[in-house]
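Naming convention: chains lettered A, B, ... in sequence-line order (proteins, then strands); numbering from 1 in each chain.
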Number of protein chains: 2
Amino acid sequence: MSKPNARNSQKTPCEQCPLRPLPHFREFKPEELSFVSRFKTGELVVDAGATVLVEGSHSAHLFTVLSGWAFRYKMLEDGRRQILNYVMPGDLIGLQGSLLGEMQHSIEALTPVTLCVFERDRLPTVFHNHAELAYDLTWIASREERMLDENLLSIGRRSALERAAYLLAFLYDRSKVLNIFPNGAATLPLTQQHVADTLGLSIVHTNKTLKKLAEKTLIRWADRGCHILDDKGLRQLSGWEGFKESKRPFI
Amino acid sequence: MSKPNARNSQKTPCEQCPLRPLPHFREFKPEELSFVSRFKTGELVVDAGATVLVEGSHSAHLFTVLSGWAFRYKMLEDGRRQILNYVMPGDLIGLQGSLLGEMQHSIEALTPVTLCVFERDRLPTVFHNHAELAYDLTWIASREERMLDENLLSIGRRSALERAAYLLAFLYDRSKVLNIFPNGAATLPLTQQHVADTLGLSIVHTNKTLKKLAEKTLIRWADRGCHILDDKGLRQLSGWEGFKESKRPFI
DNA sequence: CGGGCCCTTGAATTCTCTCAAACAATGTGG
DNA sequence: CCACATTGTTTGAGAGAATTCAAGGGCCCG
C-alpha cells in the first residue's frame with residue numbers, strides 16, 4: 001500500500017467546474033452553486049495506485065472526483081480482494097457504507113485522481129438549509145445501490161463471459177457521458193487483475209475469458225487497458241440493457 | 001407470480017408502534033413521531049410468497065416493514081434469479097434503486113408481511129421540513145449499501161462454505177435484535193432455494209454445503225427453515241466480524 | 001390418495017482454480 | 001547503453017469445485 005502522496009493544490013471554483021456544463025448533470029441554481037463552492041474546502045491530488053481511503057479509518061472528508069478513475073474494494077483477512085464499484089468524475093466518495101463512523105471499504109486510485117474536498121461535519125448544514133441538495137445526496141446513495149444491485153446480479157448469476165461483457169459495457173456506459181475520451185476511442189484504465197477482482201474470478205481465467213471477448217472483436221486489450229470496440233455487442237452478450245438515466249445530480 | 005392479495009387494514013398509530021420501543025432503534029422526538037404518524041397513510045398485509053413490488057413498475061409508495069420477512073431480487077431474462085438482500089421489521093422498502101422512477105428490482109414476501117404505507121410524493125416535505133428525518137433516510141440508504149458491499153464481497157471472494165456461513169450469520173445478526181424469536185430459538189424462514197439464489201450457487205450444491213454446516217453442528221435444517229445453533233461458529237467460519245451498529249434510525 | 005413442494009443423494013460433465021513457466025514492456029541503477 | 005528487476009499478460013496441464021441430470025423420499029393439503 002503506497003502513500004497517498006497527496007498535495008493540496010489551489011482550489012478550482014465550482015462556478016468554473018469543467019464537469020457541471022456536461023449535459024449529463026442536472027443544472028444548479030445559483031445559490032446552490034455558491035453554497036457548494038463554499039462547502040468545498042480544497043482539492044486533493046492522488047497518484048495512480050495510491051490509496052485514498054482505508055477501511056477502518058475515520059475520514060473527516062467527503063470527496064467528489066474531479067478527474068481520474070478509482071475503485072472501492074474490501075478485503076478478507078487472507079488477502080482476497082473484491083472490487084465493489086468504480087468511481088469516476090462526478091461521483092461522490094465517502095457516502096457509501098456509512099455517513100459517520102468507520103469506513104467500511106478502501107478506495108484506491110486507478111489513474112491520477114483530482115478530488116474536491118468537503119468537510120463531513122458540515123453535512124448537517126446541507127440537511128437543514130439545502131433540502132434540494134440533501135435530496136440529491138439521497139438520490140446519489142440510491143444510484144450507488146442500483147449499481148451494486150446490478151453487480152450482485154452479475155457476479156451471482158451470470159457466466160464468466162457474460163460477467164466480463166457486463167462489466168466492460170457498464171464501465172463504458174458510465175464513462176462515455178463524461179467527455180473523458182477526447183479522441184473518441186474508449187480505453188478503460190484497468191489491469192486484468194482489476195477485472196478479476198471485480199468479477200470474482202482468478203486472473204488466469206479472467207485472461208482466458210477476455211481473450212474470448214477479443215476473438216469476437218468486442219474488445220481489444222492493449223497498452224495496459226481495455227479498448228471497447230463494440231459496446232452494443234457487449235451489452236447484448238451480457239443481457240444487460242444499459243442505464244436508463246436521464247440527468248443526474250452531482251455535488 | 002401470485003397476486004399480492006393485499007388488504008388495507010386499520011392503521012396502527014406510530015405512537016403505539018411495537019418496534020419503536022426496542023433498544024435497537026433510536027428514539028424519536030414527539031414532533032418527529034407525530035409527523036411520521038401523519039406521513040403513514042395505511043397498512044398493507046401481504047401473504048407469504050406474494051409479490052410486493054415488481055421490477056419495472058412505478059410505485060407511489062414507500063413501505064416500512066412492521067412484521068414479517070421479505071427479500072429483494074433481480075432476474076435475468078432466462079429466469080436466473082439473484083436475491084440481493086433481505087428485508088425485516090424496521091426496514092424501509094422502496095428507497096433502494098431509485099427515489100423516483102421505475103423499480104429496479106422486485107420484492108417478495110417470505111412470511112406473511114405487514115407494511116406501513118407512505119406516500120412517495122410527500123418525500124419533498126420530509127426534506128424541506130424534517131431535516132433529521134431526511135438525514136435518517138440517507139443513513140438508511142447508506143446502511144443498505146454497507147450490506148450490499150458485504151454481500152458482494154461474500155459472493156465474489158468467499159468459498160461456498162464460507163458464503164453460506166456468512167449469510168446465515170448475517171441474517172441471524174440482523175434478526176436477533178428485533179425480538180422476533182420469542183422462545184429464544186432462532187429460525188430463519190428460508191428454503192434452500194432462497195439460500196442458493198442468494199449465494200449464487202445451484203440448489204444441489206447449496207444442499208451439500210448446508211449439510212456440511214449441519215455436520216459441524218452450526219445449524220440444523222428442519223421445519224422449512226434454518227435453525228441457528230452456533231452463530232459465533234458461523235461468524236468464525238466465514239471470517240465475518242458481525243455488525244458494528246449501535247442504535248439505528250427507522251421511519 | 002394424488003399432486004406439489006421441498007429436501008436429499010449419486011454420477012457425469014463442465015467450469016474454474018492453482019501451479020508453473022515464459023514473454024513483453026517498462027523502469028532503474030550502474 | 002546494458003543488465004536487471006518489476007509488473008502485467010499469456011499459455012498449458014492437472015486438480016478441485018460447482019453444475020446439470022436424474023431419481024427418490026418426506027410432508028402437507030385438497
Side-chain angles (χ1 to χ4, degrees), chain A residues 1-2 47-50 71 76 78-83 108-111 154-165 167-168 187-215 219-227, chain B residues 1-2 47-50 71 76 78-83 108-111 154-165 167-168 187-215 219-227:
Chain A
M1 202 177 298
S2 49
D47 287 341
F71 61 92
L76 294 174
D78 61 4
R80 285 175 284 179
R81 179 175 76 170
Q82 178 65 38
I83 295 182
E108 187 178 316
L110 217 39
T111 66
S154 201
I155 295 191
R157 285 305 181 203
R158 278 193 249 252
S159 71
L161 194 66
E162 292 169 331
R163 242 184 271 185
L167 173 63
L168 300 173
T187 304
L188 311 179
L190 305 166
T191 69
Q192 298 192 0
Q193 185 68 65
H194 293 120
V195 175
D197 286 350
T198 311
L199 302 182
L201 299 172
S202 72
I203 179 143
V204 173
H205 198 241
T206 298
N207 178 274
K208 288 166 184 169
T209 303
L210 289 174
K211 198 181 172 186
K212 284 183 193 166
L213 290 181
E215 280 165 3
I219 63 164
R220 193 166 61 85
W221 203 276
D223 313 326
R224 332 213 129 202
C226 178
H227 300 258
Chain B
M1 201 177 298
S2 49
D47 287 342
F71 60 92
L76 294 174
D78 61 3
R80 284 175 286 180
R81 179 175 76 169
Q82 177 64 39
I83 295 182
E108 187 178 315
L110 220 38
T111 66
S154 202
I155 296 191
R157 286 305 182 204
R158 277 193 248 254
S159 72
L161 195 66
E162 290 169 333
R163 242 184 274 185
L167 173 64
L168 300 173
T187 304
L188 311 179
L190 305 167
T191 69
Q192 298 192 358
Q193 185 67 64
H194 293 119
V195 176
D197 287 349
T198 311
L199 302 182
L201 299 171
S202 72
I203 178 138
V204 172
H205 197 242
T206 298
N207 178 275
K208 287 166 184 169
T209 303
L210 289 172
K211 198 180 173 188
K212 285 183 191 165
L213 290 180
E215 279 165 5
I219 64 165
R220 194 167 60 85
W221 203 276
D223 315 325
R224 335 217 126 198
C226 178
H227 300 257

* **Length of the line joining A:Glu215:CD and D:dT10:P, which is rounded to integer Å** => 11 Å

* Most 5' of B:Lys208 and A:Trp221 on DNA chain D, judged by nearest nucleotide -> A:Trp221

* For residues 191-214 of chain A, pull every pair meeting salt bridge (charged side-chain N to carboxylate O under 4.0 Å, His left out), keeping only residues two or more places apart or in separate chains. => A:Arg81-A:Asp197, A:Asp197-B:Arg157

* Between D:dA18, C:dC5, C:dT9, spot the one nearest the side chain of B:Lys211, thanks. => C:dT9

* Asked: Nearest-Å distance, NE2 (B:His194) to C1' (C:dC5)?
  -> 12 Å

* To do: For A:Arg224 and for A:Arg157, locate the closest nucleotide of DNA chain D by heavy-atom distance; then report the residue assigned to the nucleotide nearer the 5' terminus.
  => A:Arg224

* Structure fact -> Interatomic distance, CD1@A:Ile219 vs OG1@A:Thr187, rounded to 0.5 Å, equals 11.5 Å

* Reckon B:Gly225 touches a base, only the sugar-phosphate, or nothing at all at heavy-atom distances under 4.0 Å? -> nothing

* **Side chain of A:Gln192 - closest among D:dG12, D:dT9, D:dT20** => D:dT9

* **Whole-Å distance separating the CG atom of B:Leu213 from the P atom of C:dC7** => 15 Å

* Asked: Atom NZ of B:Lys212 and atom C1' of C:dT8: how far apart are they, to the nearest Å?
  -> 15 Å

* Asked: Looking at A:Gln193, does any N or O in its side chain come under 4.0 Å of the phosphate oxygens OP1/OP2 on D:dT7?
  -> no

* Select one nucleotide: of C:dT16, D:dA22, D:dT9, the one nearest the side-chain heavy atoms of A:Arg163. => C:dT16

* Asked: Can you tell me how far P of C:dA25 sits from CG of A:Asp223, to the nearest Å?
  -> 10 Å

* Looking at side-chain heavy atoms only, is the closest gap between A:Leu199 and A:Leu167 below 4.5 Å? -> yes

* Can you check the A:His205 NE2 to D:dA18 P distance for me, whole Å? -> 14 Å

* Structure fact -> Judged by nearest nucleotide, the residue sitting upstream toward the 5' end of DNA chain C, A:Arg158 or B:Asn207, is B:Asn207

* Asked: Please give, in whole Å, the distance from D:dT9 P to A:Ile219 CD1?
  -> 11 Å

* Given D:dA18, C:dT18, C:dT16, the nucleotide with the shortest approach to the side chain of A:Leu201 -> C:dT16

* To do: Begin with the C-alpha distance, continue with both residues' side-chain angles, and end with the deciding distance and a verdict on side chain to side chain contact (heavy atoms under 4.5 Å, CB included) for A:Gln82 and A:Ile155.
  => CA-CA 11 Å; A:Gln82 178 65 38; A:Ile155 295 191; 3.4 Å; yes

* To do: Only counting residues at least two apart or in another chain, list the ones meeting side-chain contact (heavy atoms from CB on, under 4.5 Å) with A:Asp78.
  => A:Leu76, A:Arg80

* Rounded to the nearest Å, what distance is computed from the CZ atom of residue A:Arg220 to the P atom of nucleotide D:dT10? -> 12 Å

* Asked: Within the structure shown, what part of the strands sits under 4.0 Å from B:Thr191 by heavy-atom distance: base, sugar-phosphate, or nothing?
  -> sugar-phosphate

